[in-house]
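Report on the structure given below.
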2 protein chains.
Amino acid sequence: MDKKEKILATALRLFVADGFHGTPTSKIALEAGVANGTLFYHYKTKEELMVALYNSIKSELANNILSFVQAEGFITTRFKNIFIHSVHWALKNPEKFYYIQQFNFSPHLVKVPRGVFKQQAMPYTQLIGEGIRKKLLRQQPVELVTALFNGQVYGIYQYLKAADLDAGEQEKKINDAYDMVWDMLKYM
Amino acid sequence: MDKKEKILATALRLFVADGFHGTPTSKIALEAGVANGTLFYHYKTKEELMVALYNSIKSELANNILSFVQAEGFITTRFKNIFIHSVHWALKNPEKFYYIQQFNFSPHLVKVPRGVFKQQAMPYTQLIGEGIRKKLLRQQPVELVTALFNGQVYGIYQYLKAADLDAGEQEKKINDAYDMVWDMLKYM
DNA sequence: ATACAGACCGATTAATCAGTCTATAAATGT
DNA sequence: ACATTTATAGACTGATTAATCGGTCTGTAT
């Protein structure tokens, strides 16, 4: 693992544990096993590091989802896959999932160019748009359907995080939650 | 408005605009029109101020909702009222709504005693629990139903914030969203 | 009048920390 | 071999800022 990545990984762990303000760059460097100067060689400022971390997580997530969207199959199946897979990703990467929210509700969000969001939402937007056009999903703005869909991924995640179920029960609840989401979003 | 409240109000504005780290206590004091020492007279530390602000907003919100829950009427009507009213509150108090999320995804959250959350979730929990028992809502854990319900308030808020509709259209979308939520959560 | 309480003040301080600087060492190209 | 770029190191600093502290002011009870 090269130093640049090591810095990112360490920053993720510390930022989530202690917050942006609570983690000095010196601590990140120390725990990443690099010198202070090295950190600032790769990232000009602390904020640049924070933004780079955000972007790296976001695009990892986007690529991950994209591989599912592109898979063969009916729209409805792909729709379900995205939901299930998103929840799984969040459960497997709780720090990354948390970091995204932490960053989203920080004044640093504005440092991310507008277009990046549209770009990364594309897979969702396209699939949902197609679903609406083909009358598989509600006749509502694609942004509304997307927002409610995302709200649901977040909602079930919060529940599972607190509930502490075993793997089987957890899987069942994710499926139950999806059935409910489907009842909310399907064409009627 | 007494100084203690003025400090809270100013802190809210600045914390939302510039983040916790980005707003020095001296700036809060200055813009609140009080001396530096006064701020620390009322709040022993900066973090204590942050927590106090969080608690004050949370209980304002809880009281606000509570007044609706206690209103007469069918469970289903009250359920709908909570949804609609929560969205309205968020739209009318965007800074407070934002601050809650900001604080929720900060390392300071642990400074809030566990019990406070259960306490403030009570109105929801009780109503939803009753709805489930009376087979008006899905036969799922009350925590799951609550989480999905909250996810939806958040989802529609995000949509409305970005969509910039006029008052009439906005109201219509809130109602549409509620109908969808109802289809998700109602007993089948 | 006198005593007391507690809200308020703002200059000061002690500590922290983002970012710089200078010096090497690797790697890469010629 | 030599030159140039890239990567690494870590000591240092200047600015910032949370929190303190000694003291003032105002109202109220005695």
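Every value quoted in this text rests on a predicted model; they were computed, and no experiment measured them.
The pair A/Lys111-A/Glu48 fails the salt-bridge criterion, with no side-chain N (NZ, NE, NH1 or NH2) lying under 4.0 Å from an Asp/Glu carboxylate O. Electrostatic pairing of A/Lys96 and A/Glu60 counts as a salt bridge here, judged by a charged N lying under 4.0 Å from a carboxylate O.
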Each nucleotide of nucleotides 3-21 of chain D classed B (base within 4.0 Å of a protein heavy atom), S (only sugar-phosphate) or -, in 5' to 3' order, makes ---SBBBBB------SBB-
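By the side chain to side chain contact (heavy atoms under 4.5 Å, CB included) test, A/Lys92 is found to be paired with no residue, residues two or more places apart in sequence or in another chain being considered.
Remark: P of C/dC17 and CG of A/Asp18 are 11 Å apart, rounded to the nearest angstrom. When rounded to the nearest whole Å, the span between CG of A/Leu30 and P of C/dC17 equals 13 Å.
If you look at A/Tyr54 and A/His108, their ring centroids are not closer than 6.0 Å.
Although no hydrogens or angles enter the test, the distance criterion places a donor-acceptor pair under 3.5 Å between the side chain of A/Gln102 and the main chain of A/Phe15.
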